[in-house]
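One structure is given below, encoded as structure tokens.
In what follows, every heavy atom counts, from backbone to side chain, and hydrogens, waters and symmetry copies are set aside. Reminder, nothing fancy here: chain letters follow the sequence lines and each chain counts from 1.
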Number of protein chains: 2
Amino acid sequence: MSMAKSTTLKDSRDRILDAAARLFLAQGFEGTSMRQLASEAGVNLAATNYHFGSKEGLMQEVLRRHLDRLSEERLRTLDALERAAGGKPLKPSQVVEAFFGSLLHLADNDAEGGTTFLRLLGRTLTEPAGFIRAFLAEEHKDVIERYRQALFNALPDVPRVEIVWRFNFMLGAASYAIAGTDTLRLVTGWEVEESDGGERFERLMARLMAFLLGGLRAPLPEFPYPLPAKNRGPGQPEFDSRRGR
Amino acid sequence: MSMAKSTTLKDSRDRILDAAARLFLAQGFEGTSMRQLASEAGVNLAATNYHFGSKEGLMQEVLRRHLDRLSEERLRTLDALERAAGGKPLKPSQVVEAFFGSLLHLADNDAEGGTTFLRLLGRTLTEPAGFIRAFLAEEHKDVIERYRQALFNALPDVPRVEIVWRFNFMLGAASYAIAGTDTLRLVTGWEVEESDGGERFERLMARLMAFLLGGLRAPLPEFPYPLPAKNRGPGQPEFDSRRGR
DNA sequence: GTAAAAATCAAACAGTCGTTTGATTTTTAC
DNA sequence: GTAAAAATCAAACGACTGTTTGATTTTTAC
């Protein structure tokens, strides 16, 4: 029978990938054993090394599987925006909405695996294991570079170091919000969500986006002492970014 | 000789605690072995279990050691603010500045161990190991409850669910920013810091606080569909929080 | 000084870890 | 149908895991 060609293969491979995403998310990379993973996926222990070589290789494949789609969408969205703007710089909110909004679309298309991957991605940014963050950075390098430049162009008056910091803050708020709602529940003791699935995620993104844009537009801090020259953008004195541009 | 009483004991205990904080931060809880830890601390392997019972017990002690000071300062600051306000609700910025500003003071007082602990604390909020987050939540419960109420009082017009979400976003941005600057460097390829020690941290906190307040003050998102009734604060219609109150 | 308590130590315990092997079964290609 | 390739399997490998033991040393208390 020829039509069953890749069915068995993909079945096994995909079951492993799905189980890996779930377990790495719930227990972390180091906290998940290959035996538990194989058991959860319903495959033989040796199958994991057969298909992915090593535990690290498996993790990379888990990430790459969805990360490629994310990268593509992010680049495509930015391309479209810049084409529509016709050479003029984008609004900061456009860049931020494109970057973080793409997460929403990823979750929409692939309802089950998509949201699991997103939460894993959020958690992965703080994973202690160095090779994971290194892999992520390498895999997403082009995308980051494009958005970085777009943000610089969108905020020509703001010192670049400040832009990078705010981008970092936004990454933190986003990854934390997406990765885990249980920490929120634990620490604040407040039940926060009710509705299910995509609708819930859509609300989360709307709330997150409002917060991120508010943070991005906030007035820059005034340090109690003069900044050393290398800390400013080229030729930029201290300044105050204006709200609600 | 009686004056050497607790010196040897504390030496050993503290060296273990210091090494544990460093290693748990750099490699995570699961990624750090007791042997590596004992070696780094320069003590016998069995000393760790002798002093702390288990690996979990050690982690809890690592956290508790500084967390108690943090809790105390947070409560004390809030007490002072509320006393000065004389029954009137605080400004939201006061609450946020008290909560996150206390981190700065903690880093100041105990220069070396303090910042290490703070970074560990930030990373711990996303640790997969459940008992760690559970311990943190239990240990910090009173503090969180006080600040939650203070925020509710400071923002009587804002639905409570929105306040909790924004608090969560702030926690994420803060823990991410404090825990790791290396992710930032890796992902953005941007070298961001130059000066050393406390001055560096003070700048970070100033930048962070500006971002957090901007996010907190942002207009609430408008959902594309009406909110179910239970999602609103008691008797609150939809509304727009005003900037720069 | 002496007995009790506290701390350190080398060694071992019972498991679990990621990975590999070689035989066996299933699928593919002609 | 048959040979090659791909996939699955039980079993084992050596290394590493957190923890415990019992002897030995150091510190405490009187």
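- Ion pairing of A:E72 with A:R69 is absent here, as no side-chain N (NZ or NE/NH1/NH2) approaches a carboxylate O to less than 4.0 Å.
- Atom-to-atom, CG of B:N44 to P of C:dT8 comes out at 9 Å; the value is rounded to the nearest Å.
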### Summary
Output field dot_bracket for DNA chain C (Watson-Crick or G-U, both distances under 3.5 Å, | for other-strand pairs) contains ||||||||||||||||||||||||||||||

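- For B:M59 and D:dG18, the CE to C1' distance is 16 Å, given to the nearest whole Å.
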Enumerate all atom pairs, one protein N or O and one N or O from nucleotides 16-20 of chain C, separated by less than 3.5 Å.
from, atom 1, to, atom 2, distance (Å)
C:dC17, OP1, A:S33, OG, 3.2
C:dG18, OP1, A:T32, O, 3.2
C:dG18, OP1, A:K55, NZ, 2.7
C:dG18, OP2, A:M34, N, 2.7
C:dG18, N7, A:R35, NH1, 2.7
C:dG18, O6, A:R35, NH2, 2.5
C:dT19, OP2, A:N49, OD1, 3.4
C:dT19, OP2, A:K55, N, 2.8

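- When side chains are defined from C-beta on, A:H66 does not count as touching A:L70, because their heavy atoms never get closer than 4.5 Å.
- OP1 or OP2 of D:dT8 sits under 4.0 Å from a side-chain N or O of A:H51.
- Ion pair B:R74/B:D142 not flagged as a salt bridge, since none of the NZ, NE, NH1 or NH2 atoms sits closer than 4.0 Å to an Asp/Glu carboxylate oxygen.
- Contact annotation: the side chain of B:M59 never approaches that of B:F52 to less than 4.5 Å [non-hydrogen atoms, C-beta and beyond].
- Atom CZ in B:F52 sits about 15 Å away from atom P in D:dT20, given to the nearest Å.
- By the 4.5 Å heavy-atom criterion applied to side chains, B:Y50 and B:L45 are not counted as neighbours.
- Applying side chain to side chain donor-acceptor pair (under 3.5 Å) to B:S71 and the options B:K141, B:E139, B:R64, B:H140 leaves one that passes, B:H140.
- For A:F167 and A:F99, the ring centers sit closer than 6.0 Å to each other.
- Residues satisfying the salt bridge (Lys or Arg N to Asp or Glu O under 4.0 Å) criterion with A:E40, sequence neighbours excluded, are A:R22.
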